[in-house]
Amino acid sequence: MKSILESRTFAIGTVVLAIIVIWYGFAIVLNLPWQQSVYARADLTDVPLFQWLADLYSQQRPVLPAPHQVAVEFYTSVFQANPTTPRSLIFHAWITLSATGLGFLFGTLLGILLAVSIVHNRAMDRSLMPWVIASQTIPILAIAPMIVVVLNSVGLTGLIPKALISTYLSFFPVVVGMVKGFRSPEALHLDLLRTYHASTSQVFWKLRWPASLPFLFASMKVGVAASLVGAIVGELPTGAAGGLGSRLLAGSYYGQTTQIWAALLMAATLSAGLIVAINAIQTLTSKAMGAPA
Amino acid sequence: MSEIPSVVEAKGLGLTFETADGPVHALADVDLSIRKGEFVSFIGPSGCGKTTFLRAIADLEQPTAGTITVNGTSPAMARKDRAYGYVFQAPALYPWRTIERNVALPLEIMGYAKSDQKARIARTLELVNLKGFEKKYPWQLSGGMQQRASIARALAFDADLLLMDEPFGALDEIVRDHLNEQLLELWDKTGKTICFVTHSIPEAVYLSTKIVVMSPRPGRVTDVIESTLPRERPLDIRETPEFLEIAARVREGLRAGHSYDE
């Protein structure tokens, strides 16, 4: 048995604890000016230390809310609000998650398709990759509103435009990863199929596809995080329609910093959950493919 | 001997690779005839073109001069007819397939019926003494067993020609002796024509009915030795004067190609 000091939980716990301590420290520094002006207006001097701390950590609109304020906001908006109403963070998380999921699905499929055509066609290989790379140099924040507006004008609203922005971000790591993955089989493995006079599609399904799966999962993990960012960015211009993005926007309009942080916490939880899910599928797949336990 | 059909026929065969440092003459002016049922070893130092010659038979490399026929047709046609099984230096098993599924790979590609596949897998795994390892993955097997599995894979379909490129090169002496014995037995049982690339003089002499000695720069055939050893070969045949005599001639052939001077 490993000692506690070596365990992963301990390592992660230590980092989290350190972050919380630093966070509380910054909460004092950043919220102090406002608190001082409050005291000055009320003509209060010599506030006792505990009172001073309590006031600092319970401001209505802190520049940086303390961790416990975020936790309380998170708890009330997740567990106490009715999940079918916009007051609930679950409500917003679900909207974002469905756009993320759909966009991620599109993105992964598109990425795989592009990679297949790049690997099998010299012209595609030469011409497509620069465009794929160029597509990612365009700031998503700049084109997201345009995608929403353009699709809106052709009658597509709601989920699809957001999912397409997700797709736009998530297909890229899949293309890059899968091109590498499809080209990963050793020369010997390819020669072997050549001696059998195997067709291109047999080479693909019997060798290239199974050999590329580790690459697929690695790029899916990058892609799913990008998908979530895409969905949230896609929600920013749609305003009040709901989703974590609109929650963030609303929070910043009304100075509800605690609400913003709670939404960020939810976004982080979602992306962690998605990565855990992909990891689980990867473990199952590699077990089915006979990887050493 | 002329009534026995020839399987591989090379005339003035040359193969030059164009590289950044100029042309490399992997093969130059190779004349060779391999008849049905022969066990032919190719021996020579690195760069003598023995692997290249095997790959040319297999249509994995394209000759730049001369002609080569396999079963009377071009290597490309022979490959399309699935005329040969190829065993590489490394086992080249697919790690995500079990041993039986690895052996099934050529059968799946060539479209054998499921029941036929099963029978062939059972038969070839028995032939290479791997019965009971059907469900194991390659990483669960030793190097020697993996190479045997790859031989089973090359035997699973009906190719009369077996091309083996230093199949036992990476294995230790004891495993190698054992596999050599098994290979002879298999050759005797199946009556296949075998082309076998090796670095080892004893291995070449022990296995072959014909030994092709090659030398590098450019890769060429310096001697072709017809073995006088009987078909039946226990391991201790390697101590007999006849064996040592052939080995000496091989060594001389290698020396004549200046392969030891460099």
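Each chain gets a letter, A, B and so on, in the order its sequence line appears, and its residues count up from 1.
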Checklist entry - Got more than 12 heavy atoms from elsewhere within 6.0 Å of NZ, B:K136? => result no
Checklist entry - Under the 3.5 angstrom rule, does the side chain of B:R79 hit a backbone N or O of A:R194 as a donor-acceptor pair? => result yes
Item to check | Check: A:A291 main-chain N/O paired with B:W96 side-chain donor or acceptor under 3.5 Å | outcome: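 Side chain of B:W96 to backbone of A:A291, a donor-acceptor pair under 3.5 Å: no, none is there.
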For the residue pair [X] and [Y], establish whether any side-chain heavy-atom pair is separated by less than 4.5 Å.
| X | Y | answer |
| --- | --- | --- |
| A:D191 | B:R55 | yes |
| B:R97 | A:K206 | yes |
| B:R153 | A:Y196 | yes |
| A:L192 | B:Y86 | no |
| B:P106 | A:H197 | no |

Item to check | Atom group of B:D81 that falls short of 4.5 Å from chain A, counting heavy atoms | outcome: neither
Checklist entry - What part of B:L163 lies closer than 4.5 angstrom to a heavy atom of chain A: side chain, backbone, both or neither? => result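 Interface part for B:L163: neither.
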Checklist entry - Of the listed residues (A:P185, A:G290, A:S199, A:A288), which shares the most heavy-atom pairs with chain B below a 4.5 Å separation? => result A:G290
Checklist entry - Which region of A:L213, side chain (C-beta onward) or backbone (N, CA, C, O), has a non-hydrogen atom less than 4.5 Å from a non-hydrogen atom of chain B, or is it both or neither? => result neither
Checklist entry - So what's closer than 4.5 Å to chain B heavy atoms on A:A211: side chain, backbone, both or neither? => result both
Report the distance from atom [atom1] of [X] to atom [atom2] of [Y], rounding to the nearest 0.5 Å.
| X | Y | atom1 | atom2 | answer |
| --- | --- | --- | --- | --- |
| A:E186 | B:Y94 | CD | OH | 9.5 Å |
| B:L93 | A:H189 | CG | NE2 | 7.0 Å |
| A:L193 | B:I109 | CG | CD1 | 4.5 Å |

